[in-house]
Amino acid sequence: MGKPVGNGHPLGVVILSSALMKRFLDGTYPLLFSTFGGNTVACAAGMAVLDVIERESLVRRSAETGEYLRHELRRLAERYEIIGDIRGRGMMTGVELVTDRLTKKPAIQQADRLVEDLLARNILIGKGTPNTLKLRPPLIWSRNEVDVFISAFDDCLRAQR
């Protein structure tokens, strides 16, 4: 994991089992050496992020808000045939765009245009594949921010018809 774990401070995290870590260290130590191995300031930043996540129940809140986001996207899918699939977990959500729901033909140009149209509305999203919009909103999003996004996304979809 990278950038978000330090909330802007350079910090990377590797998560693995104790058994795998032991195998890694047994095979590389003492050959493994890195001047980028960590420091107390980076660790303090990471711990502060974890404290906020716990104190503000961001894991639970993001799961609830993410479900609401996908629910609202499914409502849009009832009106817009271009939405072929919606999937995700927590706040991370993918919206697959297709030109035909039966053949699942990718709507690549439409995806590119939607990314640009949303950017013009100050909403930054990416793509996971050429035709899948990758939504990765901050954990602090609430239903209010979802509603703002859904309204803008609805406007952009309507404009593409």
Side-chain angles (χ1 to χ4, degrees), residues 1-21 24 38 40-99 101-102 104 106-108 110-160:
M1 291 180 262
K3 295 173 271 192
V5 298
N7 195 34
H9 189 86
L11 178 62
V13 176
V14 176
I15 299 176
L16 47 125
S17 69
S18 296
L20 188 55
M21 183 65 164
F24 174 74
T40 55
V41 173
C43 292
M47 292 303 295
V49 169
L50 291 174
D51 288 344
V52 170
I53 289 170
E54 185 176 344
R55 184 176 57 248
E56 297 184 17
S57 302
L58 292 181
V59 173
R60 178 190 52 78
R61 284 180 43 204
S62 69
E64 293 168 358
T65 304
E67 281 303 313
Y68 176 67
L69 170 62
R70 287 182 290 282
H71 174 267
E72 293 301 301
L73 287 166
R74 285 191 279 283
R75 285 182 17 153
L76 288 180
E78 293 172 5
R79 294 195 327 238
Y80 299 102
E81 292 287 320
I82 192 171
I83 299 176
D85 190 29
I86 299 158
R87 53 192 174 269
R89 184 171 184 175
M91 291 301 296
M92 193 161 199
T93 300
V95 180
E96 185 176 0
L97 303 176
V98 297
T99 58
R101 283 188 180 170
L102 292 176
K104 302 274 186 185
I108 297 169
Q110 295 90 331
D112 290 340
R113 184 165 166 213
L114 281 167
V115 169
E116 293 299 320
D117 289 351
L118 286 164
L119 181 58
R121 295 168 185 268
N122 298 316
I123 296 175
L124 182 62
I125 64 167
K127 293 191 306 180
T129 68
N131 69 307
T132 303
L133 305 179
K134 183 167 52 172
L135 311 178
R136 299 174 298 169
L139 295 179
I140 59 169
W141 260 30
S142 68
R143 286 178 171 236
N144 183 54
E145 286 81 18
V146 170
D147 291 341
V148 169
F149 169 77
I150 291 294
S151 176
F153 192 47
D154 185 15
D155 290 345
C156 292
L157 289 167
R158 189 177 320 112
Q160 279 202 11

Locate the shortest heavy-atom distance separating [X] from [Y]; write the atom from each residue and the value.
X    : Y    : result
A42  : P10  : CB-O, 3.8 Å
R61  : W141 : NH2-O, 4.4 Å
V115 : I125 : CG1-O, 3.9 Å
V98  : G84  : CG2-CA, 3.7 Å
A77  : I83  : CB-CG2, 3.7 Å
G128 : K134 : N-CB, 3.7 Å

Is there side-chain contact between [X] and [Y], with at least one heavy-atom pair below 4.5 Å?
X    : Y    : answer
T99  : Q110 : yes
R75  : I150 : no
R70  : E67  : yes
V148 : R121 : no

Evaluate whether atom [atom1] of [X] has more than 12 neighbouring non-hydrogen atoms of other residues, nucleotides or ligands under 6.0 angstrom away.
X    : atom1 : value
L124 : CG    : no
L119 : CG    : yes
R89  : CZ    : no

Audit row: V49, V5, side chain to side chain contact (heavy atoms under 4.5 Å, CB included) steps and yes/no: CA-CA 7 Å; V49 169; V5 298; 5.6 Å; no

Enter the distance from [X]:[atom1] to [Y]:[atom2] here, rounded to the nearest 0.5 Å.
X    : Y    : atom1 : atom2 : answer
L114 : C156 : CG    : SG    : 6.5 Å
D147 : L69  : CG    : CG    : 10.0 Å
R79  : D154 : CZ    : CG    : 4.0 Å
N144 : T65  : CG    : OG1   : 11.0 Å
D85  : L73  : CG    : CG    : 11.0 Å
E72  : R143 : CD    : CZ    : 8.0 Å

Whether E145 side chain and S142 backbone form a donor-acceptor pair below 3.5 Å: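 Confirmed, E145 side chain pairs with S142 backbone.
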
Under 3.5 Å: donor-acceptor pair, side chain of N131, backbone of L97: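 Between the backbone of L97 and the side chain of N131 there is a qualifying donor-acceptor contact (under 3.5 Å).
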
Audit row: E64, R60, salt bridge (Lys or Arg N to Asp or Glu O under 4.0 Å) steps and yes/no: CA-CA 6 Å; E64 293 168 358; R60 178 190 52 78; 3.2 Å; yes

Charged N-O contact under 4.0 Å between D51 and R55: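 Answer for the salt bridge query: no.
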
Carboxylate-amine/guanidinium contact K104 E96, below 4.0 Å: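 Not counted as a salt bridge, because no side-chain N and carboxylate O are separated by less than 4.0 Å.
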
